[in-house]
Amino acid sequence: MSEKLFQKPKGTADLLPSIQPVWQKITAVAQEIFEHRYNFGRIDTPLFENYDIFARTSGDSSDVVSKEMYDFYDKGKRHMALRPEGTAGVVRAYVENKLYGPEYEKPVNLYYLESMFRYERPQAGRMREFHQLGAESFGSDSPFLDAQVIQMAIDFFKAFKLNNLLVKINSLGNDASRAAFRQALVDYLSQYEEQLSRDSKIRLKTNPLRILDSKDANDQKLLVGAPKILDYLDQDSKNRFKQVTDALDAFGVNYEIDEKLVRGLDYYNNTIFEIETQDPKLKSAATICGGGRYSGMVEEFGGPDTPAIGFGIGLERLITLIGEVKERDQVDVYIVQTDSSVSAFANLLAKHLREVFHFSVLLDYTNRSMKSQFRSADRTQARYSIVIGDQEVQSKELTLKKMTDGSQRKVLLDNLRIEDFS
RNA sequence: GCGGUAUUGGUGAAGUUGGUUAACACACCGGUUUGUGGUACCGGCACGCGUGGGUUCGAGUCCCACAUACCGCCCCA
């Protein structure tokens, strides 16, 4: 070994072959549910964007922007940032590629499966590089779309047979409602300003809604008599929220209205939701899906005023819940070599079996004993083994050994047919 | 950004009040069986205890710094 041992950057992970089947399944399920059943098209956006794209949309006061962003200046002195979340980049792409044009069917449905970056202290279910599966739908204000999008997320989780999921939902109302509530909340909490936790004192100025989901026990006590957001929704917002919950009821979705639910990013309005798991494996990282409606963002990026809704699913968290790892593909033939002098022949045979029969073929490259080679054949659950030695090289006659029962048959190489391996 | 715990071979780990061959098991490799497997038996397998300093006659065992992992806070997916 060399002297210096490198370690992967803090909060990152190597996705080794043993975990890949899980990721492949996630990709496949996303394709089936999102793409096929709900007609969302896949989009991949750049890993990094202009810093302002994230800073402006997420809100300067959000922690994601103020302390968790991986930002840097490139050689052209441009202020860039690794994407901390998926929505902003997708909105930018929606506008830049003019997907709002009349030739695109509305709503425009997009989904992504990408890694995100947040400079945080790692913990179970929280990495610095992590993966999100997200969906965004542009161009419809229909409350039924809200319900369908939530149902889509549920369908996705159902494909993994996840139990104990709780859907929490709330409405922030439209801009006017949200502003009215915000004012009422500030008025109320200002009387107790001195008693608020340190963080909440700051939030009172920057983002008072966030105080609602403060974990501080005393904050929560002060909030008991606080104004309720649902009381401040105007008639439109109220009706809208009712239509969403009615649709969810009709779908049979098990949900809970949580008036204290607010989200970490500032761009949401009207419907917001989270899906939580009760699984003890995730404790403080119980939220595996979060999303909601937002408007104004498309406009902010220079597109037409467009309503939108989306959500993100944390895949690392999902994986700790499903945890099932499938075995690798079965090996069809293991070629055992008596010694290295027959390797040329054995390798040619391997090439032939792969090419002609499309077999999965394995053979040794480390000059191990025959016993070891047979052990490998067992371990990889090879269906057949073929021993290659001087005799076989001379006679071109192969002995096919069926590993399950040990029976052997001799077949001339030139007469080999796929049926011989059934 | 704050607090706590941990870090010994490919893996799980044992390592006594600091004492000089780093236990045991799994896996792996070889042999018993010089061309035939999954069992059994025998043998091999850490010049090293996260990294760097320090204390000491002597440190995996004590002290400091750093790195990483995990837990909690903050926050979030």
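Convention: sequence-line order gives letters A, B, ...; per-chain numbering from 1. Small disclaimer: the values here were computed from a predicted structure and weren't measured.
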task: Determine the Euclidean distance between corresponding C1' atoms of B/G3 and B/U21; express it in Å to zero decimal places.
output: 42 Å
field: Side chain of A/K10 - closest among B/C76, B/G38, B/A69
entry: B/A69
field: Touch class at under 4.0 angstrom, heavy-atom based, for A/M116 against every strand present
entry: nothing
message: Distance check, C1' atoms only: B/A13 and B/C73, in whole angstrom units.
response: 32 Å
query: Which of parallel (below 30°), tilted (30 to 60°) and perpendicular (above 60°) describes A/F40 and A/F34?
result: tilted
- request: Using the C1' atoms only, state how far B/C45 lies from B/A25, rounded to an integer number of Å.
  value: 14 Å
message: When the P atoms of B/A46 and B/A65 are compared, how many Å lie between them, rounded to an integer?
response: 34 Å
query: So, is B/G9 syn or anti if syn means the angle is within 90° of 0?
result: syn
message: Checking base pairs now: Watson-Crick or wobble, both atom distances under 3.5 Å. What partners B/C2?
response: B/G72
statement: B/C66 -> Watson-Crick or G-U wobble partner, both distances under 3.5 Å, gives B/G50
Whether A/Q337 side chain and A/D339 backbone form a donor-acceptor pair below 3.5 Å: no
Rounded distance in Å between the C1' positions of B/C70 and B/U33: 48 Å
- request: Would you indicate, yes or no, if B/A77 has its OP1 or OP2 atom less than 4.0 angstrom from a side-chain nitrogen or oxygen of A/T287?
  value: no
query: Within the structure shown, what part of the strands sits under 4.0 Å from A/G11 by heavy-atom distance: base, sugar-phosphate, or nothing?
result: sugar-phosphate
task: Please work out which of the three classes, parallel, tilted or perpendicular, describes the rings of A/H79 and A/Y73, given edges at 30° and 60°.
output: parallel
task: For A/F374 and B/G38, say yes or no: do the ring centres fall under 5.5 Å of each other while the ring planes differ by less than 30°?
output: no
task: Just name whichever nucleotide pairs with B/U20, Watson-Crick or G-U, keeping both distances under 3.5 Å, else none.
output: none
- request: Identify whether any heavy atom of A/Q337 sits under 4.0 Å from a base atom; if not, whether one sits that close to sugar-phosphate; answer base, sugar-phosphate or nothing.
  value: nothing
task: Would you kindly check whether a donor in the side chain of A/Q7 faces an acceptor in the base of B/A69, or vice versa, at under 3.5 angstrom?
output: no
query: Given that both distances must come in under 3.5 Å, which nucleotide forms a Watson-Crick or G-U wobble pair with B/U34?
result: none
query: Is there a side-chain contact between A/M80 and A/N50 (heavy atoms, below 4.5 Å)?
result: yes
field: Who pairs with B/A59 - Watson-Crick or G-U, where each distance is under 3.5 Å
entry: none
- prompt: Is there a side-chain contact between A/F345 and A/K396, using heavy atoms and a 4.5 Å cut-off?
  reply: yes
query: Start at the 5' end of RNA chain B and walk down; is the nucleotide closest to A/V387 or to A/T404 reached first?
result: A/V387
message: Need one value for A/G134: base, sugar-phosphate or nothing, where a base atom within 4.0 Å counts as base even if backbone is also close, heavy atoms only.
response: nothing
task: Rounded to the nearest angstrom, tell me the gap between atom CG in A/L400 and atom C1' in B/G37.
output: 16 Å
